[in-house]
Amino acid sequence: MAVRPERPRPVLVDCTWHKNVRPADFILACGDGNSRLDGLHWSQWGPHGATATGVNMVNDCKPYCAAGHFHAYPVTVRLDDPRPWKKQPRVQHYTLMSLTYTGARPEGFKPVMIYPLWD
């Protein structure tokens, strides 16, 4: 019986182009830092997806972002659709992130938000 080589684990690429595996936090709004994931606890990380729980810290930007306040919203994070990374084609990286809000959510957000990830 032939042994199949193990597929490499995909990575999560952040907005500063660093590769991460099971990061504890992740910035979603790279331009201003007004949305980030904190306290991530990963239960799965592999070629078919990754799953974590944590909180989405979102600035309410009221009355404007510099004077706004951050609020914590519990979320389940799902990473999907690993593909070759343009910067390093031998590296597989997740290309989609979905956030499922398990309680309250920021104003104007749907219960599930899906984001394309950096390539």
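This structure is a prediction, so every number in the text was calculated from the model and none was measured. The chain is numbered in sequence order, starting from 1.
With rounding to the nearest 0.5 angstrom, the CE atom of Met57 is 10.0 Å from the OG atom of Ser35. To the nearest 0.5 Å, atoms NZ (Lys87) and NE2 (His93) are separated by 12.0 Å. Atoms CG and OH, on Leu99 and Tyr115 in that order, are 5.5 Å from each other to the nearest 0.5 Å.
The minimum heavy-atom distance linking Arg36 with Ile27 is given by the pair CB-CA, 4.1 Å. Between Gln44 and Arg22 the shortest heavy-atom distance is C-NH2, 4.1 Å. Here the closest heavy-atom approach between residue Asp60 and residue Gly68 is recorded as OD1-CA, 3.4 Å. Minimum interatomic distance between Lys62 and Glu107 (heavy atoms only, all atoms of both residues): NZ-OE1, 3.2 Å. Taking all atoms of both residues into account, the shortest heavy-atom contact from Leu28 to Met97 is CD2-SD, 3.5 Å. Pairing each heavy atom of Tyr101 with each of Pro106, the nearest pair is CE2-CD, 3.6 Å.
Classification of the Trp45-Trp42 ring pair by plane angle, with boundaries at 30° and 60°, yields perpendicular.
With sequence neighbours excluded, no residue forms a side chain to side chain donor-acceptor pair (under 3.5 Å) with Asp25.
Contact check for Gln92 versus Pro84: side-chain heavy atoms found under the 4.5 Å cut-off.
Under a hydrophobic clustering in which Ile, Leu, Val, Met, Phe, Trp and Tyr are joined whenever their side-chain heavy atoms come within less than 4.5 Å, directly or via other members, Tyr94 and Val75 fall into the same cluster.
Grouping Ile, Leu, Val, Met, Phe, Trp and Tyr residues whose side-chain heavy atoms lie under 4.5 Å apart, directly or via other members, places Val112 in a hydrophobic cluster with Leu96, Ile114.
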Item to complete: Quick one: do Thr95 and Asp119 satisfy side chain to side chain donor-acceptor pair (under 3.5 Å)? Show the steps, please.
Response: CA-CA 7 Å; Thr95 61; Asp119 193 18; over 6 Å; no
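Here Phe26 and Trp118 bring their ring centres to under 6.0 angstrom of each other.
Side-chain atoms of Asn34 do not come within 3.5 Å of backbone N or O of Asn59 as any donor-acceptor pair.
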